[in-house]
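To keep things clear, I will list the structure first and then write my remarks on it.
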Amino acid sequence: MSLLSNLNPQQREAVKYLDGPLLVLAGAGSGKTRVITRKIAFLIADCGYDPRAITAVTFTNKAAREMKARVGELLEGKTGQGLTVCTFHALGLTILRREAKRLGYKPSFSVLDAADTQAILSEITKAPDKGTLRQAAAVISNWKNALITPDQAQQVAADETERQLAVAYRAYQDTLRAYQAMDFDDLIRLPVELFRCDAEAREAWQNRMRHLLVDEYQDTNGAQYELMKLLTGPLGRFTAVGDDDQAIYAWRGADIENLKRLAEDYSRLKIIPLTQNYRSCQRILRAANSVIRNNPRVHEKNLWSELGIGDPIQVVRCKDDRNEAETIAMRISAHKFEHRTRFADYAVLYRGNHQARLFEEALRAAKIPYVLSGGQSFFDRAEIKDLTAYLRLIANQDDDPAFIRAATSPKRGIGPTTLEKLGQYAAERHCSLFEAAFETGLQSRMAAKQLEPLIEFGNFINRLAFRAPKEPAGRLLQELLAAIRYEEWLYDTEDERAAKAKWGNVSEFVDWLSKKGEEDEKSLIELTQTVSLMNLLEGRDEAELDAVRLSTLHAAKGLEFPHVILAGVEEDILPHRECQEGSRLEEERRLMYVGITRAQKSLTLTCCGKRKKGGDWVVCEPSRFLDEIDSAELRHSGQEDDSAAAREAGRNRLANLKAMLAANK
DNA sequence: TATGTCCTTTTTTTT
DNA sequence: AAAGGACATA
């Protein structure tokens, strides 16, 4: 079977087009993944490209894994060895591991997670509370994603707060460098910096890369766009696939302007729109279209479908949030029984992770199996962070955050006061905590009782670091865990259930690492360097599992389900309380659009009359986005709301709506 | 000085 | 519910 069969004319053109830069504007459910995977296979099998010369960039590790698997199927044995499919961040990491020396980093640099970077920033800014800290982190991250240096930030700073933040930005970068560490933003920013000033490195990578495919292009940020340009050279050997209506990551620095910029920067840019939807019934599509119509759009497109009209969209009003979860569980049970479907045909989507808890409880009570996606990642778990701290420290002794974490968990007599003293001494000597622990100068300032565990810990790490390059990773890991008596410590400090779960996670992680070490013949240090960006739980036989999917709207992007329940369609949730106007409201609307367009056959929207927030009850009103769907498409059901407050809220909404309509005319 | 316990407070989305 | 802070204990 040809790689060009079973494609519509637009899809086929997008697959075949190789004359220059290409932008595929792919509406929801229009088969964009199919275009990308076919194109990769087409390039390799029909055009004779070396797989190593092709790179495809996706938005999540999971999407990358799936895409790689699909290309493998298409190639039917023809080897796709050497093909790169990964996230922008993983691509940046690969480049940096290779080229670290050119940037003044050692190749075993660490990659810090959000918790570590926030801790560093907290030290620097002395931010009074968590909110301020988050804001500071966001501002600096935005600067980095827009490729603004600390110097430039200082110059463009508009007010005193920003000037202070620019100073903090500089200190933050200096600290990272001292630790031989990078944050997520650096993984994009530094390759750009490298390619901008090092022509030799740039040309080497450009020559290697004959074609770059970028998925979810609408969610790229300034730095990612620049990296893409630098990698594909002046000819623009790329295929970018995106949908401006599904841009939902502006808060993370993604810039929809990148879509316009592409046409400006590449005059030869070819644009192919995909407008036929193969996913959803017409009612669902009409609802989606009528919601997104309220946004100003760059590329107006009208998505259409040949699939049947479908059922009306259900709107279910519930008494409160607990009742909402129970209702959803009940309706899934009933629907499954009635239509003889599988649990995996259902997804419950919501705005915030915290909403998941009630759904988990209700589904468990109803004996409905579920899988949670999004939410806390495997690598955010305390026990995994502990273990990776050891690994990081073994690979890179300059990594102070890793030193602090490893030295204090499990507890071994090193406490805050000792660390404080050690930190002071290290700062004076301009060296790492690890180095400082061995300095004789420290001994005069510290009691032997404090010094002893410090030295012992240092020696322990030293021994492991010495053996790490030569010995099998699996054995070293087992030894490490035995030496720190991690399992024992877990059972001492946690209740049995939690300890068991945590030790299970650790074992899984160690097994996975050991296997990987054997397969790829990699040392512990090399393994550590790739671990930071992976997510184990994602993709772990999730596909075969017959379970209802619980997911945030963000994590649901790119997925589809026969039956979708969109929960908490309320003001202050969707749209979120902090996103009530302007471009932020538009992004919330796109989020609603993404949610609706996940559904193939049926869509249910739920909202509550009240919900528990913190300690007390808050009255909720239905989302304004509900009003944007033609009421002929909707069927209201569930409990009639009889609370006076909710009815009052409804009246207020109507009055507001009328006022807005009047104002618009 | 280190660590465990009990209390408070608090929730957007993620590579 | 989970994380951070204040206090008590070893």
Side-chain angles (χ1 to χ4, degrees), chain A residues 57-64 86-93 111-115 117-119 122 129-131 133-134 137-138 141 144-145 182-189 216 219-221 223-224 247-254 349-358 360-361 373-377 379-382 407-421 446-447 449-451 453 489 492-494 498 532-535 538 551-557 568 572-580 584 587-588 590-591 594-595 611-616 618:
Chain A
V57 175
T58 59
F59 201 66
T60 62
N61 288 310
K62 188 169 130 213
C86 64
T87 62
F88 255 116
H89 291 87
L91 178 63
L93 184 62
V111 180
L112 303 189
D113 65 15
T117 54
Q118 287 220 336
S122 164
D129 60 285
K130 223 167 140 191
L133 184 60
R134 279 169 82 113
S141 177
K144 295 178 81 163
N145 286 327
M182 301 179 188
D183 63 13
F184 282 128
D185 300 328
D186 285 333
L187 298 181
I188 313 293
R189 192 184 64 86
E216 308 284 6
D219 285 319
T220 55
N221 61 41
Q224 288 167 332
I248 52 175
Y249 282 94
W251 55 273
R252 212 178 81 181
L349 309 180
Y350 39 84
R351 176 67 230 264
N353 275 313
H354 63 282
Q355 289 173 268
R357 212 191 84 238
L358 284 173
E360 283 193 82
E361 279 171 23
S373 64
Q376 203 193 26
S377 99
F379 283 87
D380 282 339
R381 290 163 202 239
T408 54
S409 54
K411 304 291 175 215
R412 52 163 63 78
I414 301 172
T417 323
T418 308
L419 283 174
E420 182 62 33
K421 274 190 191 161
M446 225 181 250
K449 200 170 182 181
Q450 293 166 55
L451 198 66
W489 183 68
D492 279 351
T493 50
E494 313 267 345
S532 38
L533 289 178
M534 318 198 115
N535 195 326
E538 282 180 341
S551 169
T552 62
L553 284 164
H554 284 87
K557 192 169 71 159
D572 289 355
I573 292 184
L574 186 64
H576 192 271
R577 185 153 33 99
E578 311 286 305
C579 312
Q580 296 280 323
R584 312 195 75 188
E587 181 149 310
E588 296 295 301
R590 290 193 293 268
L591 210 43
V594 166
R611 62 173 69 232
K612 207 155 196 173
K613 244 179 185 173
D616 36 26
V618 179

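Chain naming here is simple, since letters A, B, ... match the order of the sequence lines and numbering starts at 1 in each.
- OP1 or OP2 of B:dT11 has not a single side-chain nitrogen or oxygen of A:Asn353 nearer than 4.0 Å.
- To the nearest angstrom, P of C:dA1 lies 11 Å from CD of A:Glu360.
- When all heavy atoms of A:Thr87 and A:Thr60 are compared, the pair lying nearest together is CG2-C, 3.4 Å.
- Between the CG atom of A:Asp113 and the P atom of B:dT14 there is a distance of 15 Å, given to the nearest Å.
- Rounded to whole Å, atom P of C:dA3 lies 12 Å from atom CZ of A:Arg381.
- You'll find the ring centres of A:His576 and A:Trp251 outside the 6.0 Å limit.
- As a whole-Å value, the separation of A:Gln355 CD from B:dT10 C1' is 16 Å.
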Extract from the structure each pairing of a protein N or O with an N or O of nucleotides 1-4 of chain B at less than 3.5 Å, listing the distance.
from: B:dA2; atom 1: OP1; to: A:Gly415; atom 2: N; distance (Å): 3.4
from: B:dA2; atom 1: OP1; to: A:Thr418; atom 2: OG1; distance (Å): 2.2
from: B:dA2; atom 1: OP2; to: A:Thr417; atom 2: N; distance (Å): 3.2
from: B:dA2; atom 1: OP2; to: A:Thr417; atom 2: OG1; distance (Å): 2.8
from: B:dT3; atom 1: OP1; to: A:Gly413; atom 2: N; distance (Å): 2.8
from: B:dT3; atom 1: OP2; to: A:Ile414; atom 2: O; distance (Å): 3.3

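- Under the salt bridge (charged side-chain N to carboxylate O under 4.0 Å, His left out) criterion, A:Asp185 pairs with no residue at all, not counting sequence neighbours.
- When the nucleotides B:dT15, C:dA1, B:dT14 are ranked by their closest atom to the side chain of A:His89, B:dT15 comes out on top.
- For A:Ala555, the side-chain atoms get nearest to B:dT14 when compared with the rest of C:dA1, B:dT14, B:dT11.
- When each of A:Thr117, A:Leu187, A:Leu93 is paired with A:Met182, the side-chain contact (heavy atoms from CB on, under 4.5 Å) condition holds for A:Leu187 and for no other.
- In terms of modelled atom types and a separation under 3.5 Å, the side chain of A:Arg584 and the main chain of A:Glu578 share a donor-acceptor contact.
- Using a 4.0 Å heavy-atom distance criterion, A:Phe59 is classed as a sugar-phosphate-only contact.
- In this entry the distance linking CG of A:Asp572 with P of B:dT13 reads 15 Å, nearest Å.
- In this structure, CD of A:Gln118 is placed 15 Å from P of B:dT14, rounded to the nearest angstrom.
- Heavy atoms of A:Arg577 sit nowhere under 4.0 angstrom from any nucleic acid atom.
- Residue A:Arg252 places no side-chain N or O under 4.0 Å from the OP1 or OP2 atom of B:dT14.
- Across the protein-nucleic acid pair, A:Asp183 atom CG and B:dT14 atom P stand 18 Å apart, rounded to whole Å.
- Every residue meeting the side-chain contact (heavy atoms from CB on, under 4.5 Å) condition with A:Pro410, not counting sequence neighbours, appears here in chain and number order: A:Tyr390, A:Ile484, A:Tyr486, A:Trp489.
- Computed from coordinates, the A:Gln224 CD to B:dT14 P distance equals 16 Å when rounded to whole Å.
- The minimum heavy-atom distance linking A:Ile248 with A:Lys557 is given by the pair CD1-CD, 3.9 Å.
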